[in-house]
There are 2 protein chains.
Amino acid sequence: MRARGAVLTGGAPSPDNHQMTADPVPPAPARRQRPANVMDVARAAGVSHQTVSRVLNDHPSLRPGTRQRVLDAMAELDYRPNAAARALSSNRSRMIGILSTAAGEYGPASSVAAVESAARARGYSVTIANADGLSRASIDEAVDHLAALSAEGLVVVAPQTRVLETLSKRSFGIPWVTLQAVADPDSPHEGGVGSVAPVGHGRPLDQVIGARLATAHLAEAGHRRIGHITGPADWIDAAQRVRGFREELASRGLDDDLLATGDWSAASGHRAGRELIERGATAIFAGNDQMALGALAAAAEAGLEPPAELSIVGFDDVPEAAFYRPALTTVRQDFSEAGRRAVALLLGESEVAPSVEPVLIVRGSTAPPAP
Amino acid sequence: MRARGAVLTGGAPSPDNHQMTADPVPPAPARRQRPANVMDVARAAGVSHQTVSRVLNDHPSLRPGTRQRVLDAMAELDYRPNAAARALSSNRSRMIGILSTAAGEYGPASSVAAVESAARARGYSVTIANADGLSRASIDEAVDHLAALSAEGLVVVAPQTRVLETLSKRSFGIPWVTLQAVADPDSPHEGGVGSVAPVGHGRPLDQVIGARLATAHLAEAGHRRIGHITGPADWIDAAQRVRGFREELASRGLDDDLLATGDWSAASGHRAGRELIERGATAIFAGNDQMALGALAAAAEAGLEPPAELSIVGFDDVPEAAFYRPALTTVRQDFSEAGRRAVALLLGESEVAPSVEPVLIVRGSTAPPAP
DNA sequence: ACCAGTCATGTGCACGGTCACATCGCGTTC
DNA sequence: GAACGCGATGTGACCGTGCACATGACTGGT
């Protein structure tokens, strides 16, 4: 900054004055190092800095000729608005923060990409902060970081109960949305603008509906002993899928005691799958596709041949699901659409367009139970 | 901003002066809405704003007592430095940009998380910009966006030739590193600080070494007709793996004509796998695990039972690879470590610590060829 | 022809920090 | 004991932009 100032002082401001004097200033070889600012553009266009600012902000009352002259000057000088200065002056960072606790997973990663794209299209930038989701301190640090950048809104990806609790407690002025589901639609968390479920009508019941679809599919095929591999208990998505599973079984008068908990990983699905098989399940609904893959492996190890001897349904429809063997029956989620809608919701756009319905994708991993 | 200014003018600046006058200023009920700034802290601590700034920036010559008083005042007022103001004044954004073209994939997503974590630990923030990697315009937009935020450095994830070309051409002042590999170690791209391969010594040959490991493993098992499913031709990673594949085969006097191109997806691996099987391959080295999964499916459809009748090796070692059937032999990449090292390299830390060696993980998808 | 109202543009300051430089004590050195 | 150096702190300008307000030209109604 100081260096730039010095260069400027010696160089750009008044070369004309110096040209005819005996001033020992050298011929200013390295002139105009500093990027152009509104003042430079204003000078070049013969207007005031405020007019330049008006062009930048699409002010309505500007004569077309004036606007064009300014635009020409901007192009000429390769002018780029300084984001920091705008943020400072306008007190708007035009920055959206993403708070994630499962950065490596397919669903969250897809949603993050969609959020970035949607935000940039609206002139916003996106900063990410990952928390491990286990310790409150980690969550607080991530939120602090985003708050320090004056993020105007937060998109919470892969929400865990703990994250939402933390956000509610802080009751800072930043609006936020969850990307997948809220804990309880009847008691929204303070400060939360809303939630966007990956599938369905934008109501947080989508995950429930999807889980019911999967469970119903197995029940309709004739299964009576249907197990569910859940995600971690403190994940809201996991809880909602359990709820859908239970609701569907209850509506059919079936037992819902075959539950085993996983952590979204294939390894945990393998363990949980083995356990459910031992407990007599003839069909398994896994909380995501990775755990379903693990269950598939557990079935093979137990000498069961899916789908004839064990049916398995996943959740998400990751791109690989169609290439598992057998190809996985699963519930498709549109993570990208969820990301887009989260941004729309966060920025208060009048009506968030309805999204696709939850879809059950039937492939080869489900069949009627062995007789 | 205007509103906040007004509140301030009526409230905080000189309450002492007004206290004893008949000034009709009301008892200022809603006082101090605006967050505290350095001046407020300075007043509270009885020092100058500059001293506060020194505390913020860990200036050495500060009396411990003074520092403590300032820190107390900061805590008292819940002071948070304004990032925009610091960026404007110091001309340092403390922001790292991530340029990605494969945001949904496992490897890039993992690396991005690691970059975020490493950057935040050093007081940097991270902004992402995704480009589709197909159109130059999209790449330019993403880079423009990051440049407009005055990103101090760029981490290029999943680099394609086109992205590096674009970056080189622009020759703007922002240093950048690639996260995985560079096209040609002998002619680094202009402006590029270096590259970090996910495995190995931080030299761009890592991907070559990994590919050689995979290929050698198949050759040692006795295979003569070894095929390779490549990634897209314009991906640098893909090109390096092809190079390793060819080098290894050449060193053993084997043919290297069994190549088929994929796009990293399982679906493309399925197609390419079928093609290579038809062309007589007894072993396949896939450019990543997803394509290996597709090849596994193709083998099953062709009535071949891996590994006895077809050996398959993947690349990456995604968490699911151990649960494919058969469990996938693959080359492990440490994406997180790559992300950490990319940040270290970008920020010019003296010596980037050597990383893990590329590791071949032998599981159940490889065996000697059928007699 | 006059005044009000709107359009188009300019002036000055504020935003919240950091930097260069000035200042003030106090201990060292010859 | 005077000059010096350095540690600790203060002063004022400046970064690039946006807002409130002022100004002048022009338009239209009466």
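Chain naming here is simple, since letters A, B, ... match the order of the sequence lines and numbering starts at 1 in each.
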Atom [atom1] of [X] to atom [atom2] of [N]: distance rounded to whole Å?
{"X": "B:Leu88", "N": "C:dA14", "atom1": "CG", "atom2": "P", "result": "16 Å"}
{"X": "B:Leu149", "N": "D:dG16", "atom1": "CG", "atom2": "P", "result": "17 Å"}
{"X": "B:Gln50", "N": "C:dG16", "atom1": "CD", "atom2": "P", "result": "17 Å"}
{"X": "B:Arg34", "N": "C:dC15", "atom1": "CZ", "atom2": "P", "result": "7 Å"}
{"X": "A:His49", "N": "C:dT11", "atom1": "NE2", "atom2": "P", "result": "8 Å"}
{"X": "A:Asn82", "N": "D:dC14", "atom1": "CG", "atom2": "C1'", "result": "13 Å"}
{"X": "A:Asn91", "N": "D:dC19", "atom1": "CG", "atom2": "P", "result": "11 Å"}

key: Residues B:Thr101, B:Asn130; criterion side-chain contact (heavy atoms from CB on, under 4.5 Å); working and verdict   = CA-CA 6 Å; B:Thr101 56; B:Asn130 298 121; over 6 Å; no

request  = Using the closest heavy atom to pick a nucleotide of DNA chain D for each, name whichever of A:Ser53 or B:Ala85 lands nearer the 5' end.
outcome  =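 Nearest-nucleotide comparison on DNA chain D picks B:Ala85.
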
Does OP1 or OP2 of [N] have a side-chain N or O of [X] closer than 4.0 Å?
{"X": "A:Arg86", "N": "D:dG16", "answer": "no"}
{"X": "B:Asn37", "N": "C:dG16", "answer": "yes"}
{"X": "B:Ser89", "N": "C:dT18", "answer": "no"}
{"X": "A:Thr51", "N": "C:dG10", "answer": "yes"}

request  = Starting from the C-alpha separation in whole Å, work towards a yes-or-no answer on side-chain contact (heavy atoms from CB on, under 4.5 Å) for A:Leu88 and B:Arg86.
outcome  = CA-CA 9 Å; A:Leu88 176 60; B:Arg86 297 185 88 164; over 6 Å; no

Strand contacts (DNA chain C) in residues 57-72 of chain B, 4.0 angstrom heavy-atom criterion = B:Asn57

With a 4.5 Å heavy-atom cut-off, do [X] and [Y] have their side chains touching?
{"X": "A:Val126", "Y": "A:Arg120", "result": "no"}
{"X": "B:Val156", "Y": "B:Val163", "result": "yes"}
{"X": "B:Glu165", "Y": "B:Arg136", "result": "yes"}
{"X": "A:Asp140", "Y": "A:Thr166", "result": "yes"}

query = Which part of the nucleic acid, if any, lies within reach of A:Val47 when heavy atoms closer than 4.0 Å are counted: base, sugar-phosphate only, or nothing?
reply =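 If one applies the 4.0 Å heavy-atom cut-off, A:Val47 turns out to touch the sugar-phosphate alone, with no base involved.
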
inquiry  = Does B:Arg80 reach a base, just sugar-phosphate, or nothing at all? Heavy atoms under 4.0 Å.
reply    =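 Sugar-phosphate only.
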
message = For C:dG10, does the base pair up with any side-chain atom of A:Arg54 as donor and acceptor (N or O, under 3.5 Å, distance only)?
response = yes

Closest listed nucleotide, where the reference is the side chain of A:Pro81 and the choices are C:dT11, D:dT17, D:dG18 =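 Looking only at heavy atoms from C-beta outward on A:Pro81, the closest nucleotide is D:dT17.
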
Is [X] salt-bridged to [Y], going by a charged N under 4.0 Å from an acidic O?
{"X": "A:Asp72", "Y": "A:Arg69", "result": "no"}
{"X": "B:Glu337", "Y": "B:Arg340", "result": "yes"}
{"X": "B:Glu152", "Y": "B:Arg92", "result": "yes"}

query = How sharply is the helix from C:dA1-D:dT30 to C:dC30-D:dG1 bent, taking the axes over five pairs at either end and rounding to 10 degrees?
reply =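 Inter-axis angle at the termini of the helix from C:dA1-D:dT30 to C:dC30-D:dG1: 40°.
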
inquiry  = Would B:Val343 and B:Tyr124 count as a side-chain contact (heavy atoms from CB on, under 4.5 Å) here? Give the steps.
reply    = CA-CA 10 Å; B:Val343 172; B:Tyr124 281 77; over 6 Å; no

